[in-house]
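Reading through the structure tokens given below for one structure.
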2 protein chains.
Amino acid sequence: MPTKRQALILAEIVRIYNETGQPVGSKTLMNQLPIRISSATIRNEMAVLEEDGLIMKNHTSSGRIPSTAGYRYYLDHLLQPSVVSPQTFSTIAQDFDHEFHEIDDIVKQSANILSNLTNYTSISLGPETANVTLTGFRLIPLGDDQVIAILATSMGSVESRVYRIPTSISSDDLEKAVRIINDRLVGLPINQVKSLLKAEIPRVLTRYLHSPDGFLDLFGDVLRHAAAEHFYIGGRSNLLNFAQSDDLDRLKSLYQLLDKESVLPSLLNLRQPENSSATKPPSGPISVRLGDELDNSLLADYGLITARYHVAHQGEGIIAILGPTSMPYSQLIGLMQLFTDELVKKMYEYYDQFHDDS
Amino acid sequence: MPTKRQALILAEIVRIYNETGQPVGSKTLMNQLPIRISSATIRNEMAVLEEDGLIMKNHTSSGRIPSTAGYRYYLDHLLQPSVVSPQTFSTIAQDFDHEFHEIDDIVKQSANILSNLTNYTSISLGPETANVTLTGFRLIPLGDDQVIAILATSMGSVESRVYRIPTSISSDDLEKAVRIINDRLVGLPINQVKSLLKAEIPRVLTRYLHSPDGFLDLFGDVLRHAAAEHFYIGGRSNLLNFAQSDDLDRLKSLYQLLDKESVLPSLLNLRQPENSSATKPPSGPISVRLGDELDNSLLADYGLITARYHVAHQGEGIIAILGPTSMPYSQLIGLMQLFTDELVKKMYEYYDQFHDDS
DNA sequence: TTTTAGCACTTAGCTGTTCTGAGTGCTAAC
DNA sequence: GTTAGCACTCAGAACAGCTAAGTGCTAAAA
């Protein structure tokens, strides 16, 4: 536990290091600190901070930079979000000023706006599909032997995919199957639909249809796509802004990491393993995880600012900023608060068009 | 015009430089060349090649590397495609061994396969939509006041998008409008549909509908999306493989360039300005353009291998490899020939499912 | 007990020098 | 026309010296 003065010094080191990118020495601190103490005193205090593992030096006679633990302490105890400038505010409002046809377009656009605003990479995931229900399933024949399968959910999201009609199944049977699906499954949560699809539905269909397999594959496929979480990543190329030029290999791996949809959920701390007290979910709508906490060696020098937002009747969405450990957290967190507010507003605007009954 | 021996030396320089990445000196050449001549003779010949602008040196006493003009000459006169190894062949066949539901999935996959195979970045564009016709348009109501608009083309491609029903228009009118569209436009080439949409259709609709604007916007939007060329880019991160670590900024610009859909057509030499004899379209199905020829200062050190392929009744598709000026062209061109063959085969396989009448 | 001035010490990074290896251009002989 | 030989050039590595920034420690002052 650092003393109050030590904390002040730590905060100042974080601030200056963020501004300059250079290690901070005792003299610089003496000139910048609001209290009048000598550089020698600061050196003594810094020695303590270093013993506590909150700051470190690159070599014996260099200034200090915050360690990951130091950032952690700063984030937990010292940081206060700064207020966002009015023009930033109006930039956001302006960028969102489109008419969106699909919720995913909003999510996608949010990632782009945020990465433009911050010059970091951002990851956006729309409101979760947890308690979303199936509202309809259609098969529309298209020409010769193609159909388009359309699956609609209570979220207003629509998944449509094109299939070849399995030759094993008659169009009569298809109609029957669609009717059965709609009769039995509309109104149920997607997750339940998924599990029913494995057990009950095949039994029911076999009773009425000759060979239900082709249809089941088709329905399962479109369902899987509808239920999948779609992450949107904005400003990938911003990763190049702060990469040291000597680790192109790591950078490449990182790029490939972001393209793998499978790692993003764990990165954003979804699907937490149940009793892992090690990395417990951060509290509060905005949280920051640094280095090791991201559970990926590639991200040792990175930080992730995650903001969760709630959309009534829909669930929780997430938007995050990925950048170097040293980011201007104070500004960014202030920005994220405002940003999610605007994003949620836009989403309500979108949903209100449909669900006036909510 | 280099002599035969000079050409031999040039080809060898290209080969060795591609293998080692290092400038090639006269002694190395003496050991590698199939003919027995001394290093001094080689030096004399190289002096001539340098005068002709085909090779150059980094500094007074370094080995030679091929200049862009040298590569150009090599490509036009000396290169012969090498034969692809059987295991590469089977890798390609294996990677294509999926059942694809949409033509765009094949195009997308082709970009991924090619970039994995070559460790370069690849750009893929499906068969052009030039003589593709509209085969149907549907509006399917979804719940409250959403519709999904579906536009199908003779290529078997389907574009579906979700819209809010414009409040200005009654569902009765919508049905009428859809009927009119189908009666008048089905069977016409997409391009013609586009132009009719600007002139005739609005007039016709106004006769039958109260306020056709909302519908026209909607139809125009889905049409625009259906007619747009969708480029798929595979292996973006491979750009990092051969980037000098000191030009991160250029690299970033390049990344952003590739994300701009608007520059890709000109990069692939589509929509050639009519009388530009400067960069005349390269002949043959596979062509290579280098440095300046790409008309983009960011690409001064890059080369683009473009392969065109023809799919009967559909049009021309393009797939390209983007890499450094120094690529193993011999292998890559051999590979591209095989690859497009496989790709075309796959596409016929796909289309044959629908158009048995072709 | 805390703070401060002073000083010896450390280190990265810059500068300049030297040395070496690879390669060239040229000349004179073959 | 070809080759051997030689002087010359240049990048890059290795090394030393210097400077600027910063540290830790000690002893005196507050």
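Proteins get letters first, then strands, A, B, ... in listed order; numbering begins at 1 in each.
In summary, A:Arg250 and A:Asp301 engage in a salt bridge, as defined by a charged side-chain N under 4.0 Å from a carboxylate O. Look at B:Asp259 and A:Arg236 and you find no salt bridge, because none of the NZ, NE, NH1 or NH2 atoms lies under 4.0 Å from a carboxylate O.
Atom CD1 in B:Ile13 sits about 9 Å away from atom P in C:dT24, given to the nearest Å. At whole-Å resolution of the value, CD1 in B:Ile65 and C1' in C:dA22 are 16 Å apart. Atom CZ in A:Arg36 sits roughly 13 Å away from atom C1' in C:dA5 (whole-Å rounding). When the P atom of D:dT2 is taken as reference, atom CG of B:Leu33 falls 14 Å away, rounded to whole Å. Whole-Å rounding puts the B:Glu45 CD to C:dG25 P distance at 13 Å. Rounded to whole Å, atom C1' of D:dG22 lies 15 Å from atom CD1 of A:Ile9. Rounded to a whole Å, the CZ atom of B:Arg43 is 11 Å from the P atom of C:dG23. For the pair A:Asn44 CG and D:dT23 C1', the computed distance is 11 Å after rounding to whole Å.
At a threshold of 4.5 Å between non-hydrogen side-chain atoms, the residues B:Arg43 and B:Ser39 count as touching. In this structure, A:Leu335 and A:Leu114 have side chains that are in contact, with non-hydrogen atoms separated by less than 4.5 Å.
The 12-atom threshold is exceeded at NZ of A:Lys57, counting heavy atoms of other residues, nucleotides or ligands nearer than 6.0 Å.
Within residues 16-30 of chain B, no residue has any heavy atom under 4.0 Å from DNA chain D. For the segment residues 49-62 of chain B, residues with any heavy atom less than 4.0 angstrom from an atom of DNA chain D are, sorted by number, B:His59, B:Thr60, B:Ser61.
Separation of the B:Tyr302 and B:Tyr120 ring centroids does not fall under the 6.0 Å cut-off.
Between the two ends of the helix from C:dT1-D:dA30 to C:dC30-D:dG1, each summarised by a five-pair axis, the helix axis turns through 20° (rounded to 10 degrees).
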**Request:** Could you please spell out the steps behind the salt bridge (Lys or Arg N to Asp or Glu O under 4.0 Å) verdict for A:Arg289 and A:Asp295?
**Result:** CA-CA 10 Å; A:Arg289 280 178 308 141; A:Asp295 290 329; 5.5 Å; no
**Request:** Go through B:Thr41 and B:Ser38 one step at a time and tell me if the side-chain hydrogen bond (donor to acceptor under 3.5 Å, both in side chains) criterion holds.
**Result:** CA-CA 5 Å; B:Thr41 309; B:Ser38 76; 3.1 Å; yes
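If you check the side chains of B:Thr91 and B:Thr88, you find no donor sitting under 3.5 Å from an acceptor. For the 3.5 Å distance criterion, the side chains of B:Thr121 and B:Asn238 fail to qualify, holding no donor opposite an acceptor.
Considering only side-chain N and O atoms, B:Thr41 lies under 4.0 angstrom from the phosphate OP1 or OP2 of D:dT3.
When distances are taken from the side chain of A:Arg64 to each of D:dA4, C:dG25, D:dT23, the shortest belongs to D:dT23.
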